[in-house]
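As structure tokens, the structure follows; a few thoughts come after it.
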Amino acid sequence: MSDAAGVVVLIGRILFAFFFGAVAGVGHFKGDQMMRGYAQQAGFPVPGVAGWVAGLWLILGAVSVALGIWPDLGSLMIGAFVIPAALFFHRYWALEDETQKMSQTQLFYRNLVILGAAVVFFGTFVTLGSELRFAITPPFFDF
């Protein structure tokens, strides 16, 4: 991978990670009680992890992707987060109110797009291996 291509990929890694670290991850820390209450209301099986625990998970995944510290593992962490988020918290199919249904539908599909991006990042990082530029470590997985 050339340095120029590495810079482009690095910019993509940082942009992808920014949302999960600085926005979602910090939001889960700041809104710990609210997040846990919402998780309990939504019927999430372990609502205690929806606050600061989920925030820490997201921040670690984001730092991993952005800095290139086992970035493949970080992308899987982010992908693993959005699966239960989509299935438990954005259940548009269970809503009657059309406004809420529309909003939750958009959030559900946003999570699917994020999952797709996380999977592509994972595959890219594993494929590039030590050729990934501007990374601190090579990928965790070696296929």
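Remember, it's a predicted structure, so these values are computed and weren't measured experimentally. Index from 1, following the sequence.
- Evaluated for a side-chain contact (heavy atoms from CB on, under 4.5 Å) with V63, the options I59, L60, V65 yield exactly one hit, I59.
- Within the structure, the salt bridge (Lys or Arg N to Asp or Glu O under 4.0 Å) test picks out the following pairs touching residues 17-34 (sequence neighbours left out): D32-R36.
- No side-chain donor-acceptor contact under 3.5 Å links R133 to the backbone of A5.
- Between the side chain of T124 and the backbone N or O of V120, at least one donor-acceptor pair lies under 3.5 Å.
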* Does the pair M35 and F29 meet the rule for a side chain to side chain contact (heavy atoms under 4.5 Å, CB included), with working shown? -> CA-CA 9 Å; M35 295 291 184; F29 268 96; over 6 Å; no

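- Note on ring orientation: taking the six-membered ring where Trp is involved, the planes of F88 and F44 are perpendicular (angle over 60°, cut-offs 30° and 60°).
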* To do: Verify side chain to side chain contact (heavy atoms under 4.5 Å, CB included) between R13 and L10, making sure each step is shown before the conclusion.
  => CA-CA 5 Å; R13 287 171 27 206; L10 177 62; 3.7 Å; yes

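- No continuous path of hydrophobic side-chain contacts links L95 to M102 [ILVMFWY only; heavy atoms under 4.5 Å].
- A distance-only check finds no donor-acceptor pair linking the side chain of Y109 to the backbone of Q104 [under 3.5 Å].
- Enclosure of atom CG in D142 is not indicated, since only 12 or fewer non-hydrogen atoms of other residues, nucleotides or ligands lie within 6.0 angstrom.
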* To do: Give the intermediate values and the outcome of ring-ring contact (aromatic ring centres under 6.0 Å, His included) for residues F81 and H28.
  => CA-CA 12 Å; F81 173 83; H28 278 262; 5.7 Å; yes

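- When all heavy atoms of S130 and P139 are compared, the closest pair comes out as N-CD, 4.2 Å.
- The minimum heavy-atom distance between P138 and P71, with the atom names listed, is O-CD, 4.4 Å.
- One hydrophobic cluster holds both F18 and W57 under the rule that ILVMFWY side chains link at heavy-atom gaps under 4.5 Å.
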* Under the side chain to side chain contact (heavy atoms under 4.5 Å, CB included) rule, what do K101 and E96 come out as? Steps first, then yes or no, please. => CA-CA 7 Å; K101 186 177 241 176; E96 297 293 325; over 6 Å; no

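- Taking CD1 of I69 as the start and OG1 of T137 as the end, the distance is 6.5 Å to the nearest 0.5 Å.
- Taking CG from D72 and CG from L132, the interatomic distance works out to 9.5 Å, rounded to the nearest 0.5 Å.
- The shortest distance between side-chain heavy atoms of L107 and R110 falls below 4.5 Å.
- Tracing side-chain contacts under 4.5 Å through hydrophobic residues (I, L, V, M, F, W, Y), one reaches L115 starting from F16; they form part of the same cluster.
- Heavy atoms only, all atoms of each residue included: F20 and L58 are closest at O-CB, 3.5 Å.
- V8 and F125 are assigned to two separate hydrophobic clusters, defined by single-linkage of ILVMFWY side chains at heavy-atom distances under 4.5 Å.
- Checking side-chain atoms of S75 against main-chain N and O of F121 turns up no donor-acceptor pair under 3.5 Å.
- Side-chain contacts under 4.5 Å among hydrophobic residues (ILVMFWY), followed directly or transitively, place V126 together with W70, L73, L76, F122, F140, F141, F143.
- Put simply, F89 and F108 are part of the same group of oily side chains (I, L, V, M, F, W, Y) that touch within less than 4.5 Å, one to the next.
- Looking at every heavy atom in both residues, A62 comes nearest to G21 through CB-N, 3.5 Å.
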